[in-house]
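The structure appears right after this line, and notes come after that.
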Amino acid sequence: MCWCLPVIVGFLTVGLLYLVCFVTQWLHGWPDKPGYKKYIEALNPRRIYRLTFTMLDLLKYFKYLRLYFQIKSWYKNEENSKHFKKGIVYGRRGNKLDLYYPPKMNRFRDELPPLVVFIYGGAWNTGHRSIYCLLARQMVEELNAAVVCPNYSNYPKGNVLMMIQDVADCLVWAQENGQKFSFNKDNIVLVGHSAGAHLGAMATLFLLDTREELLIESKKQQEIIRSLRGVIGLSGVYSIMDHYEYEKMRGIECISCMSRAMNGEEKFPRYSPVHVVKSLNGDKLSRAPRFVLLHSESDIVVPVESSIKFYRLLSSLSAKVSLHLLPTVSHTDIVIDLMLSSRRFYHPISKCIKQEFRKLLFFR
């Protein structure tokens with residue numbers, strides 16, 4: 001009967017995986033689409049197999065627990081309030097942003113420091129500005145710039161258009177408050193990670209096209225575009241259509257909120273930078289800020305092809321763009337490692353951003 005124990009252990013392991021995957025789909029979304037019998041599809045061995053690998057990959061986030069408590073401690077520490085002003089209300093929805101002061105303000109006696117607007121990622125449904133306080137502080141030091149990190153209307157509070165409007169509203173706030181908070185409102189660089197890179201690119205392209213759905217007067221949109229020196233995207237999603245196919249391959253298209261945040265599959269092209277940029281004429285593209293794309297060749301959350309495809313498209317349209325491919329950096333580490341100079345990939349990533357940032361400020 002020595003074979004009984006391995007069989008029982010194997011049976012319990014498989015049963016546990018099925019249970020966990022079933023509960024995950026119950027909580028986050030059934031595969032409830034035309035042609036699917038949702039409960040049968042939810043227990044499809046192929047879907048369970050793919051979901052299992054995705055969920056096992058989530059275990060790696062436990063290694064960031066120590067850093068998470070460091071972040072929480074720094075953000076709540078009143079002594080650090082001298083470095084930033086938190087909870088500034090902006091925009092039509094009353095969202096809040098944090099503003100991090102540049103070091104040694106007296107070095108900018110003759111001119112105000114530039115501004116970095118950092119848009120965090122989180123699959124369009126998670127994230128908070130406080131998590132990126134250490135990253136903002138490092139950017140302040142490395143780039144000698146003021147840094148703003150806004151919250152935006154994550155799903156289900158908002159849809160993707162509302163998120164894009166929030167990014168645009170943050171840029172409007174920057175235009176109206178540069179003098180008050182001592183930064184150069186005409187020297188702005190937008191930086192985004194993952195979904196944040198997508199939102200930053202979409203807001204830029206909508207402003208460039210003076211879209212009515214932004215509900216911002218066209219003259220103001222044109223002023224914002226003139227103030228934007230560049231857009232830096234870290235492991236960004238630039239084709240919602242392609243990313244949805246990749247999610248399907250991973251078996252997570254139904255538990256992911258991306259499709260719902262985009263208001264359905266029929267809206268994917270409308271909110272894909274690779275599609276929007278094709279609709280812009282040569283004059284508008286000539287006025288577009290430079291796009292700087294950074295992506296890891298080993299990214300398994302957003303494949304590197306996302307940035308490569310966007311880069312090739314922009315290049316073919318004679319738009320200003322550069323691409324930097326990084327080996328061995330994970331999708332998360334490309335942003336997490338910017339939080340502390342002691343982290344493994346801090347210096348190569350920071351050096352790349354710093355070099356491109358200088359180019360953006362001095363060469364338009």
Side-chain angles (χ1 to χ4, degrees), residues 21 24-38 41-42 44 46-55 57-58 119-127 152-164 167 192-203 205-206 213 233-279 293 295-296 298-314 330-332 334:
C21 291
T24 299
Q25 294 175 91
W26 176 48
L27 293 174
H28 296 284
W30 296 107
D32 191 12
K33 298 175 64 176
Y36 281 174
K37 294 181 179 179
K38 64 180 182 181
E41 180 61 28
N44 184 313
R46 183 184 300 175
R47 183 174 293 275
I48 296 296
Y49 176 79
R50 291 172 175 173
L51 268 177
T52 297
F53 276 96
T54 299
M55 294 172 66
D57 188 57
L58 294 177
I119 311 298
Y120 54 79
W124 299 275
N125 76 319
T126 61
Y152 53 88
S153 304
N154 290 330
Y155 182 86
K157 177 184 176 182
N159 57 33
V160 68
L161 178 58
M162 294 169 67
M163 300 179 214
I164 294 168
V167 175
H193 170 245
S194 192
H198 164 264
L199 295 173
M202 285 299 302
L205 295 173
F206 273 23
E213 54 257 59
L234 309 175
S235 299
V237 177
Y238 305 112
S239 172
I240 300 299
M241 299 83 73
D242 289 352
H243 195 64
Y244 184 70
E245 291 302 315
Y246 184 67
E247 285 191 343
K248 286 172 69 175
M249 189 188 76
R250 296 176 69 203
I252 64 169
E253 79 280 8
C254 294
I255 63 173
S256 166
C257 77
M258 185 183 75
S259 178
R260 298 187 289 277
M262 302 295 154
N263 290 325
E265 295 180 40
E266 66 279 2
K267 298 289 182 66
F268 285 178
R270 183 182 184 87
Y271 297 119
S272 292
V274 294
H275 181 82
V276 176
V277 76
K278 294 176 185 177
S279 68
L293 310 178
H295 215 117
S296 171
S298 56
D299 194 327
I300 62 171
V301 177
V302 179
V304 68
E305 286 76 19
S306 174
S307 288
I308 292 175
K309 182 176 180 178
F310 194 36
Y311 168 77
R312 288 175 177 168
L313 175 60
L314 290 171
S330 75
H331 182 76
T332 307
I334 200 170

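Side-chain atoms are counted along with the backbone in the values below, which use heavy atoms only and exclude waters and symmetry mates. Note that the structure is a prediction, hence the values are computed from the model and not measured.
Note that OG of Ser256 and OH of Tyr244 are 9.0 Å apart. Values are rounded to the nearest 0.5 Å. Separation of atoms CG (Asn125) and OG (Ser153) is listed at 13.0 Å; rounding is to 0.5 Å. Taking CD1 of Ile308 as the start and CG of Leu313 as the end, the distance is 13.5 Å to the nearest 0.5 Å. To the nearest 0.5 Å, atoms CG (Asn159) and CG (Asn154) are separated by 12.0 Å. Atom CG of Asp242 and atom CD of Glu245 lie 8.0 Å apart (nearest 0.5 Å). The OH atom of Tyr238 lies 5.0 Å from the CG atom of Leu293; values are rounded to the nearest 0.5 Å.
Using a 4.5 Å heavy-atom threshold, the side chains of Tyr246 and Ile300 count as touching.
Considering all non-hydrogen atoms of both residues, Ala197 and Gly233 come closest at CB-CA, 3.9 Å. Taking both residues in full, the closest heavy atoms of Ser306 and Gly236 are given as OG-O, 2.7 Å, listed atom of the first, atom of the second, then distance. Across all non-hydrogen atoms, the minimal contact from Ala123 to Cys257 is O-SG, 3.3 Å. Across all their heavy atoms, Ser296 and Ser330 have their closest contact at OG-N, 4.4 Å. Contact detail for Gly158 and Met163: the closest heavy-atom pair is O-CE, 3.8 Å.
Each of Val302, Leu234, Ile334 was evaluated against His295; a single residue qualifies, Val302, per the side-chain contact (heavy atoms from CB on, under 4.5 Å) test.
In this structure Tyr120 satisfies the ring pair (Phe, Tyr, Trp, His ring centres under 6.0 Å) test together with Tyr132, Tyr152, sequence neighbours excluded.
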Walk me through it: do Leu199 and Trp124 pass the test side-chain contact (heavy atoms from CB on, under 4.5 Å)?
CA-CA 9 Å; Leu199 295 173; Trp124 299 275; 4.1 Å; yes
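For the 3.5 Å distance criterion, the side chains of Ser194 and His331 qualify, holding a donor opposite an acceptor.
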Please report, to 0.1 Å, the donor-acceptor pairs under 3.5 Å made by any side chain of residues 270-278, with sequence neighbours excluded.
unit_1, atom_1, unit_2, atom_2, d
Arg270, NH2, Glu213, OE2, 3.0
Ser272, OG, Ile240, N, 2.9
Ser272, OG, Phe268, O, 2.7

